[in-house]
Structures are given as C-alpha cells and as structure tokens.
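Model, not experiment: these values are computed from the prediction.
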Amino acid sequence: MNSWMQNIDLSAKGVWFPIVISGALFLYSLIMPKREINWVDYYVTFSFIGYIAWVINSLVGRMFDLVDLGDKNVTGIGEFVSYSIIPSALAVIYVNYATAKNRWSLVVLFTVISTLIEWGMIAVDYLHIKNWSFFAFSIILYFIVFAFILPWHMRFIKR
C-alpha cells in the first residue's frame with residue numbers, strides 16, 4: 001500500500017492545482033450544452049488529444065528532459081491529469097464552441113487559458129521548467145493547436 005501511495009505522488013508540492021483544474025474542466029466538458037459537437041465527436045476528440053498530449057509530453061518531459069511535474073522520478077496522478085484530462089477537456093470545450101464567426105477570439109481565449117494553467121502550475125511549484133521556454137514554446141504551441149490543429153481535426157472527423 002505504501003508504494004502505491006508513493007506512485008500516485010499525492011505529496012508533491014502543488015499537486016492540488018492540476019487535480020482541481022482537471023476536475024473542473026472535465027466536469028464542465030461533460031455537462032456543457034453540446035453545440036458544435038455530439039458525443040461521438042466528444043469521444044474522438046478527447047481520446048485523440050489525450051493521446052497526442054501524452055506523446056508530446058513524453059518527448060518534452062521524459063526523452064528530452066525539458067520539464068518535470070511533481071516528483072521527477074514518478075508519474076503521479078497530477079502528471080496523469082495534466083497530460084490526459086486538461087488538454088483533452090480544453091480541446092473538447094474549444095471545439096464545442098468554435099464557429100467560423102468566433103474562431104479567432106476563441107483561439108486567443110483558449111491560448112490565454114492554457115497559458116494561465118501552465119503559469120499556475122509553475123506558480124504553485126508543481127511544474128519545473130528546465131530547458132523549455134514558456135514564452136517561446138508554450139504560448140506558440142497553444143496558439144498552433146487552437147488555430148490550426150483542432151479546426152483541422154474537426155473537419156477530418158466531420159467527414
């Protein structure tokens with residue numbers, strides 16, 4: 001039991017932040033009125049983005065060792081929800097509200113929200129940046145995801 005508790009890394013400083021954020025985003029993504037997506041779109045988007053987030057974060061966090069979340073030697077619950085729930089829920093919420101009319105305002109809004117979440121993880125000392133530039137890489141990556149990747153994804157799955 002003790003090793004199980006160590007492996008979920010609940011004692012990591014600031015672990016409460018990604019858990020609270022992921023819970024709130026996931027809950028909202030489930031109960032929000034579905035406007036531009038249905039449950040199949042939800043499932044496909046949540047799964048696809050979760051997978052892509054794990055691949056990218058495995059490269060950035062593990063292979064290239066650019067960032068650490070919580071205990072660098074343990075993939076705990078905070079790291080799990082940071083990679084699996086937060087990006088997926090944000091993506092589902094974004095595609096649910098995105099239309100041709102509001103696309104660019106939502107791109108900016110969700111880029112800011114994603115940036116604030118990352119900044120919050122840094123502020124509570126859960127995310128430790130090593131060789132990663134928050135401003136040079138993260139913000140640009142968020143913008144690309146919301147401006148180009150998610151709209152392409154929705155066009156692809158709506159076919």
Side-chain angles (χ1 to χ4, degrees), residues 1-30 41-96 98 104 106-157:
M1 181 73 161
N2 190 27
S3 93
W4 179 81
M5 288 301 286
Q6 287 175 326
N7 286 341
I8 61 172
D9 199 24
L10 280 177
S11 62
K13 186 174 183 182
V15 71
W16 63 270
F17 187 80
I19 292 172
V20 168
I21 294 294
S22 66
L25 289 172
F26 182 66
L27 182 62
Y28 182 74
S29 74
L30 287 174
D41 299 336
Y42 181 103
Y43 176 78
V44 170
T45 301
F46 201 92
S47 302
F48 176 73
I49 296 303
Y51 173 75
I52 296 300
W54 265 103
V55 169
I56 290 171
N57 288 307
S58 294
L59 290 171
V60 169
R62 297 287 180 199
M63 289 180 66
F64 300 127
D65 199 28
L66 302 176
V67 299
D68 284 325
L69 281 86
D71 182 346
K72 66 180 179 179
N73 298 316
V74 177
T75 302
I77 191 74
E79 190 169 3
F80 174 77
V81 299
S82 295
Y83 294 162
S84 302
I85 308 296
I86 294 173
S88 298
L90 280 172
V92 166
I93 295 166
Y94 171 82
V95 298
N96 183 58
W104 290 107
L106 284 183
V107 167
V108 171
L109 176 65
F110 277 79
T111 299
V112 169
I113 290 169
S114 299
T115 302
L116 289 174
I117 290 170
E118 184 174 339
W119 175 82
M121 285 196 214
I122 294 168
V124 300
D125 204 28
Y126 185 71
L127 173 61
H128 305 102
I129 296 176
K130 297 187 259 177
N131 297 311
W132 180 262
S133 174
F134 177 68
F135 291 105
F137 300 128
S138 294
I139 296 171
I140 293 168
L141 180 63
Y142 297 141
F143 180 82
I144 290 169
V145 166
F146 292 114
F148 304 109
I149 294 173
L150 286 175
W152 172 83
H153 166 75
M154 285 311 294
R155 282 192 304 273
F156 182 77
I157 66 173

Side chains of Y42 and L30, heavy atoms from C-beta outward: is any pair under 4.5 Å?
yes

How far apart are the closest heavy atoms of I86 and S22, and which atoms are they?
CG1-CB, 3.7 Å

Please tabulate, for side-chain N and O atoms in residues 140-151, each donor-acceptor pair with protein atoms closer than 3.5 Å (sequence neighbours left out).
from	atom 1	to	atom 2	distance (Å)
Y142	OH	E118	OE1	2.4

Check whether any side-chain heavy atom of F17 lies under 4.5 Å from a side-chain heavy atom of Y126, and answer yes or no.
no

So, do I19 and I77 sit near enough that their side-chain heavy atoms are less than 4.5 Å apart?
yes

Surrounding CH2 of W119 (heavy atoms of other residues, nucleotides or ligands, distance under 6.0 Å), is the total greater than 12?
no

Roughly how far apart are L66 CG and L59 CG, rounded to 0.5 Å?
9.5 Å

Roughly how far apart are L90 CG and Y28 OH, rounded to 0.5 Å?
12.0 Å

Is any side-chain heavy atom of M121 closer than 4.5 Å to a side-chain heavy atom of V67?
no

Nearest heavy atoms of V15 and P18, plus distance in Å
O-CD, 3.1 Å

Measuring from atom CD1 of I93 to atom CG of L106, what distance do you get when rounded to the nearest 0.5 angstrom?
11.5 Å

Could you tell me whether the side chain of V95 reaches within less than 4.5 Å of the side chain of D41, counting heavy atoms only?
no

Minimal non-hydrogen separation, E79 against L69, with atom names:
OE1-O, 4.0 Å

Whether S88 side chain and G50 backbone form a donor-acceptor pair below 3.5 Å
yes

Going by the ring pair (Phe, Tyr, Trp, His ring centres under 6.0 Å) test, which pairs reach into residues 47-81, not counting sequence neighbours?
F48-H153, W54-Y83

Listed by chain and number, what are the salt bridge (Lys or Arg N to Asp or Glu O under 4.0 Å) partners of K130, not counting sequence neighbours?
D65, D68

Do I117 and L25 come close enough that some side-chain heavy atom pair is under 4.5 Å?
yes

